[in-house]
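Both ligands and their constituent atoms are indexed starting at 1 by order of listing.
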Amino acid sequence: AKEQGRNSVRFFDPDMEKKVENRSQLEHDLRQAIDNREFLLFYQKKVNAQEELQGYEALIRWPHPEKNMISPADFIPVAEETGLIIPIGDWVLEQACQTLQQFQQNKDTQHLNLSVNVSVKQFRQADFVPKIIAKINHYNIDSSKLELEITESMLMDNLEDTVTKMKELKTIGLAFSLDDFGTGYSSLSYLKNLPLSTLKVDKSFVRDMLIDKEDAAIVETIIALAKTLKLQVIAEGVEQIEQVDTLKKLGCDLFQGFLYSKPQPLE
Ligand code: C2E
Ligand code: CA
Ligand code: CA
Ligand code: CA
């Protein structure tokens with residue numbers, strides 16, 4: 001009775017039931033979205049201190065047929081858990097390579113780089129590296145313009161596998177940035193051994209940096225650390241010109257946020 005009781009408590013918890021229901025509905029819809037090619041790739045500008053366009057970050061969008069736009073923050077975790085991130089991630093990389101090919105066919109855009117978010121499960125695929133190489137060859141693109149955004153969770157999950165693959169991809173020219181930097185729990189010591197090119201200051205620190213001393217100190221520290229390690233540093237979530245002014249004084253190299261553009265279709 002006790003064991004049964006445990007299960008039935010869960011079953012009759014209406015919140016829990018609803019969550020499970022929503023989740024399996026979402027999983028079902030995600031499968032359909034992959035089959036029906038419902039996803040879109042949006043692009044958000046990255047600019048340098050002279051406000052020149054340096055490139056874009058690619059961000060996935062899912063215009064759900066019945067609901068509104070579903071945020072990647074809501075469906076990427078489910079895609080990770082269900083393994084659906086593999087076909088979704090393949091699609092994102094395919095689109096990104098196509099876009100880079102387009103950029104590189106035009107004199108005015110050939111210098112632009114494109115960064116793509118990569119999930120842990122995606123990176124762990126045994127054939128992740130050959131898959132990327134195949135796409136780069138297929139689209140005949142300059143791989144130094146392709147940047148992968150990884151997170152601290154990827155380092156904590158399996159540092160050895162991550163470093164091995166990063167080094168392989170760096171050999172063929174790819175760049176790496178460490179996203180959401182400062183929000184994870186990992187040690188700083190790995191930083192010096194990673195083939196990174198850029199640290200990305202998380203938008204939660206940028207948001208309050210003008211009104212919160214602690215956030216300002218964290219931003220300053222991250223930028224100083226990046227300089228010491230000879231890494232580029234980009235601030236995300238920039239919405240105010242005053243943030244840019246302060247970030248520039250601290251030595252921040254690149255800026256991204258609604259101040260410059262919302263993520264939008266390539267056209
Ligand atoms: P992220 O990689 O940290 O992306 C930055 C998020 O901040 C994006 O949310 C972007 O739209 C938003 N953002 C940009 N500028 C501003 C600003 O000035 N203010 C504010 N408040 N927000 C800003 P988005 O597009 O909803 O993506 C959420 C997360 O979903 C991303 O966080 C990333 O972790 C994940 N994601 C998005 N696209 C992909 C993808 O193609 N593959 C994978 N694996 N994950 C993705
Ligand atoms: Ca990112
Ligand atoms: Ca981020
Ligand atoms: Ca505070």
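Salt-bridge check for Glu239 with Arg207: failed, with every basic side-chain N at 4.0 Å or more from each acidic carboxylate O. Contact check on Arg124 versus Asp157 returns a salt bridge, with a Lys/Arg side-chain nitrogen under 4.0 Å from an Asp/Glu carboxylate oxygen.
With a 4.0 Å heavy-atom cut-off, ligand 1 is reached by the side chain of Glu236 but not by its N, CA, C or O. Of the heavy atoms in Val238, only backbone atoms (N, CA, C, O) come closer than 4.0 Å to ligand 1. At a 4.0 Å heavy-atom cut-off, ligand 1 touches Arg61 through the side chain alone. Under 4.0 angstrom from ligand 1, there are no non-hydrogen atoms of Lys262. Only the side chain of Pro263 comes within contact range of ligand 1, with a heavy atom under 4.0 Å; no backbone atom does.
Close approach to Val92 involves these atoms of ligand 1, each under 4.0 Å from a residue heavy atom: 41 (O). Less than 4.0 angstrom separates some heavy atom of Glu57 from each of these atoms of ligand 1: 2 (O), 4 (O).
Nearest protein heavy-atom neighbour of atom 27 (O) of ligand 1: Pro72 CG, 3.4 Å. For atom 44 (N) of ligand 1, the nearest protein heavy atom (residue, atom name, distance) is Ser119 OG, 2.8 Å. Among all non-hydrogen protein atoms, the one lying nearest atom 3 (O) of ligand 1 is Asp180 OD1, 3.3 Å. Atom 13 (N) of ligand 1 has as its closest protein heavy atom Phe258 CE2, 3.8 Å. Regarding atom 12 (C) of ligand 1, its nearest protein heavy-atom neighbour is Lys203 CE, 4.2 Å. Among protein heavy atoms, atom 20 (C) of ligand 1 sits closest to Glu239 OE2, 3.3 Å. Counting only heavy atoms of the protein, atom 10 (C) of ligand 1 lies nearest to Leu59 CD1, 3.9 Å. Distance from atom 38 (N) of ligand 1 to its nearest protein heavy atom, with residue and atom name: Ile60 N, 3.1 Å.
In this structure, Arg207 falls outside the shell of residues with a heavy atom less than 4.0 angstrom from ligand 1.
Residues Leu174 and Glu147 have side chains not in contact (no heavy-atom distance under 4.5 Å, counting atoms from C-beta outward).
Atoms CD and CZ, from Gln54 and Phe255 in turn, are 11.5 Å apart once rounded to the nearest 0.5 Å. Between the CE atom of Met154 and the CG atom of Asp179 there is a distance of 10.0 Å, given to the nearest 0.5 Å. For the atom pair CZ (Phe128) and CG (Asp161), the distance works out to 10.5 Å, reported to the nearest 0.5 Å.
Distances from the Ca ion (ligand 2) to the N/O/S atoms of Glu149 are shortest for OE1. The atom of Glu57 nearest to the Ca ion (ligand 2) is OE2, with the search restricted to N, O or S atoms. Counting just the N/O/S atoms of Asp179, the one with the shortest distance to the Ca ion (ligand 2) is named OD2. In terms of distance to the Ca ion (ligand 3), the nearest N, O or S atom of Asp180 is named OD1.
If you check the side chains of Ser115 and Lys46, you find a donor sitting under 3.5 Å from an acceptor. Asp29 and Gln25 share a donor-acceptor pair across their side chains, judged by distance under 3.5 Å alone. Of the N and O atoms on the side chains of Asn48 and Glu52, at least one donor lies less than 3.5 Å from an acceptor on the other residue. Under 3.5 Å, the side chains of Glu80 and Ser119 contain a donor-acceptor pair of N or O atoms.
Classified by interplanar angle (parallel below 30°, tilted 30° to 60°, perpendicular above 60°), the ring pair Tyr56/Tyr43 is perpendicular. Using the six-membered ring where Trp is involved, Trp91 and Phe39 have ring planes that are tilted, between 30° and 60° apart.
Within 6.0 Å of NZ in Lys248 there are more than 12 heavy atoms belonging to other residues, nucleotides or ligands.
Per-atom contact check: atom 34 (O) of ligand 1 does not touch the protein, criterion being a heavy-atom distance below 4.0 Å.
Distances from the Ca ion (ligand 2) show that Ser115 has no N/O/S atom below 3.0 Å.
In this structure, Lys262 is positioned above the aromatic face of Phe258, its NZ or CZ under 6.0 Å from the six-membered ring centre and within 45° of the axis.
Nearest residue to atom 1 (P) of ligand 1 from Val206, Leu41, Asp179, Ile85 is Asp179 (criterion: closest heavy atom).
Residue Gln44 has at least one nitrogen or oxygen atom sitting less than 3.5 Å from a nitrogen or oxygen atom of ligand 1, judged on distance alone.
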